[in-house]
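Just so it is clear: chains get the letters A, B, ... in the order the sequence lines come, proteins before strands, and each one is counted from 1. Only a predicted model underlies this, so the values are computations on that prediction, with no experimental measurement involved.
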Number of protein chains: 2
Amino acid sequence: MKTELGKKLVQNAVELIDLLGLEQFTFRKLAVKMGSAEASIYRYFENKHQLFVYLLNWYWEWMAVRIDFNTLNVESASKRLKIVIDVIVDTINRNTSIDVINEEALHRIVVREGIKAYHHKLVDEDNKEGFFLSYKSLCGKIASIIKEISPDFLYSRTLASTLIETANNNLYFAHHLPRLTDLKAEAKDFSSQLKQMLEFFVFGVIHANIMMNVYLDSELKEDMLK
Amino acid sequence: MKTELGKKLVQNAVELIDLLGLEQFTFRKLAVKMGSAEASIYRYFENKHQLFVYLLNWYWEWMAVRIDFNTLNVESASKRLKIVIDVIVDTINRNTSIDVINEEALHRIVVREGIKAYHHKLVDEDNKEGFFLSYKSLCGKIASIIKEISPDFLYSRTLASTLIETANNNLYFAHHLPRLTDLKAEAKDFSSQLKQMLEFFVFGVIHANIMMNVYLDSELKEDMLK
DNA sequence: TATAAAATAATAGTTTTACTATCTTTTGCA
DNA sequence: TGCAAAAGATAGTAAAACTATTATTTTATA
């Protein structure tokens, strides 16, 4: 991101992956789009996978920054968690003339193909290299908010990663595999419906154990206990 | 699956994808392993992606059969849903001499790379071809059990797909990205811990609206409502 | 049973992708 | 001005993805 070519590279990579999909995207095509040479790109990234992971890290860190910015001075942990959901679901309006990265295009890439970064045979090697630190840190940030809301909640990390993945999945499903979700992509208030559903899921689970102790109907309680 | 070569192909494909990962797996390597020719494989499958989708469909249909078999004559919908969770999490002991498909290897493939089947640029084309009917039908089956438990629950499809994906994710995370889950892969009773967690999540969400009406503490209720 | 048609197998290609090597040119900047 | 680092141009290799062609076997039925 320090050199002109580096910026151009990342900018064009996001646009081209958004357009072609990760599988059809090649360094050669990127070079042609940029009016540059394939070999020049290899000076920045060893291969397509490393470029992809770089872009995802950029996204995850951008998310963390947006969460920090938007939750600053918000006392209530519950309110902060709701803001997290807003940040995950919404993309912001970007300033085309200033921004290097097209955040909306990158968001589409993340929703469609982000999981591929870590769902492969060589995850462990990648993980040792620190490829997923940003994602793990983002989940950690969300998990700690959950812990604030309910300190004795056992599954804060799982809930944090599930929140992110469920948000992206249902956005994707609504557009491409509608039978896998209850949301309708056509709905005018789709994004607020998605947020509402995520809040329902997240707060439902967080308060499940609290509520279990209150709601003493034996049959239901039995359902929830092993 | 009707011809000898077809069986050998599918059997060897599962073993090789398990071993190499989808990216490193090629038709040439498969042909060498089978002692057959690359072109012969192309007569069965147009390309690697179609073979992969075939294997996933086999898996999803196998899951549906196992669910039907194990929930037969089980009255309580809650109990049936728990059985669904058991079926998703556990792999069964296989009979090496009879089975064409190594279900444990296929399960590892699904957990690690199953999502790649539908997370790509050409989903819509694939979906039109009916590539994901088995998966959608499996989710539908689970969603209808959820509906039985709570007929006014709004998110049965989402919860069904989230259940499957969360089960696979947390199994995968525990082994490769432990900071993204609360479960410990080393734990002796790992699989029962995973089931317990999934039950907690699923029943927690299902009963969230019921319990909301009972648990009237205003602050918490406010948290859960938009 | 003979034989043509159809299905399957093996062989040998082509094209594209992923990556490397090498040399030349440009450019930032001391 | 000089010079090191970055970038560009060119050309290559190895493997992957896919195809066309020919050979062999199976099957269908006269």
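Rounded to an integer number of Å, the gap from A:Lys8 NZ to D:dA6 P is 17 Å. The distance between atom CG of A:Asn47 and atom C1' of D:dA14, rounded to the nearest whole Å, is 16 Å. The separation between B:Leu22 atom CG and D:dA17 atom P is 10 Å, rounded to whole Å. Residue A:Gln50 contributes atom CD, which lies 14 Å from atom P of C:dA18 at whole-angstrom precision. If you take CD1 of A:Ile41 and C1' of C:dC19, they are 12 Å apart, rounded to a whole angstrom. One atom, CZ of A:Phe45, and another, C1' of C:dT20, lie 19 Å apart when rounded to the nearest Å. If you take CZ of B:Arg28 and C1' of D:dC18, they are 10 Å apart, rounded to a whole angstrom. Atom P of nucleotide D:dA7 and atom CD of A:Glu4 are separated by 10 Å, given to the nearest angstrom.
Salt-bridge formation is detected for the pair A:Lys116/A:Glu23: a Lys NZ or Arg NE/NH1/NH2 atom is positioned less than 4.0 Å from an Asp or Glu carboxylate oxygen. Under 4.0 Å is where a charged nitrogen must lie from a carboxylate oxygen, and between B:Glu148 and B:Arg80 at least one such pair does.
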Report the C-alpha distance between A:Glu15 and A:Lys33 in whole Å, list the side-chain angles of each, state the deciding distance to 0.1 Å, and finish with yes or no for salt bridge (Lys or Arg N to Asp or Glu O under 4.0 Å).
CA-CA 10 Å; A:Glu15 284 169 17; A:Lys33 180 177 155 73; 3.1 Å; yes

Any chance you could lay out the side-chain hydrogen bond (donor to acceptor under 3.5 Å, both in side chains) test for A:Thr3 and A:Tyr44, step after step, and finish with the verdict?
CA-CA 10 Å; A:Thr3 68; A:Tyr44 281 80; 2.6 Å; yes

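Using the six-membered ring where Trp is involved, A:Phe200 and B:Phe153 have ring planes that are tilted, between 30° and 60° apart. By the 30° and 60° cut-offs, the orientation of the rings of A:Tyr42 relative to A:Phe27 is perpendicular. A perpendicular orientation is assigned to the rings of B:Trp60 and B:Phe132, their planes being inclined by more than 60° (bins at 30° and 60°).
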Protein-nucleic acid N or O pairs under 3.5 Å, nucleotides 21-25 of chain D:
none

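For the pair A:Lys29 and C:dT17, the criterion of a side-chain N or O lying under 4.0 Å from OP1 or OP2 is met. The side chain of B:Tyr44 contributes no N or O atom lying less than 4.0 Å from OP1 or OP2 of C:dT8. For B:Lys48, a side-chain nitrogen or oxygen approaches OP1 or OP2 of D:dA17 to under 4.0 Å.
Considering only side-chain atoms of A:Thr26, the nucleotide from D:dA6, C:dA9, C:dT17 that sits closest is C:dT17. Distance from the side chain of A:Tyr42 is smallest to C:dA18 among D:dA16, C:dA18, D:dC18.
Side-chain contact check for B:Asn169 and A:Thr162: no donor-acceptor pair (N or O, by modelled atom type) lies under 3.5 Å. Side-chain contact, A:Asp126 with A:His120: a donor N or O sits under 3.5 Å from an acceptor N or O.
In terms of position along DNA chain C, the nucleotide closest to B:Leu5 lies nearer the 5' end than the nucleotide closest to the other residue of the pair A:Glu46 and B:Leu5.
Of the residues in residues 30-40 of chain A, those lying under 4.0 Å from DNA chain C by heavy-atom distance are A:Glu38, A:Ala39.
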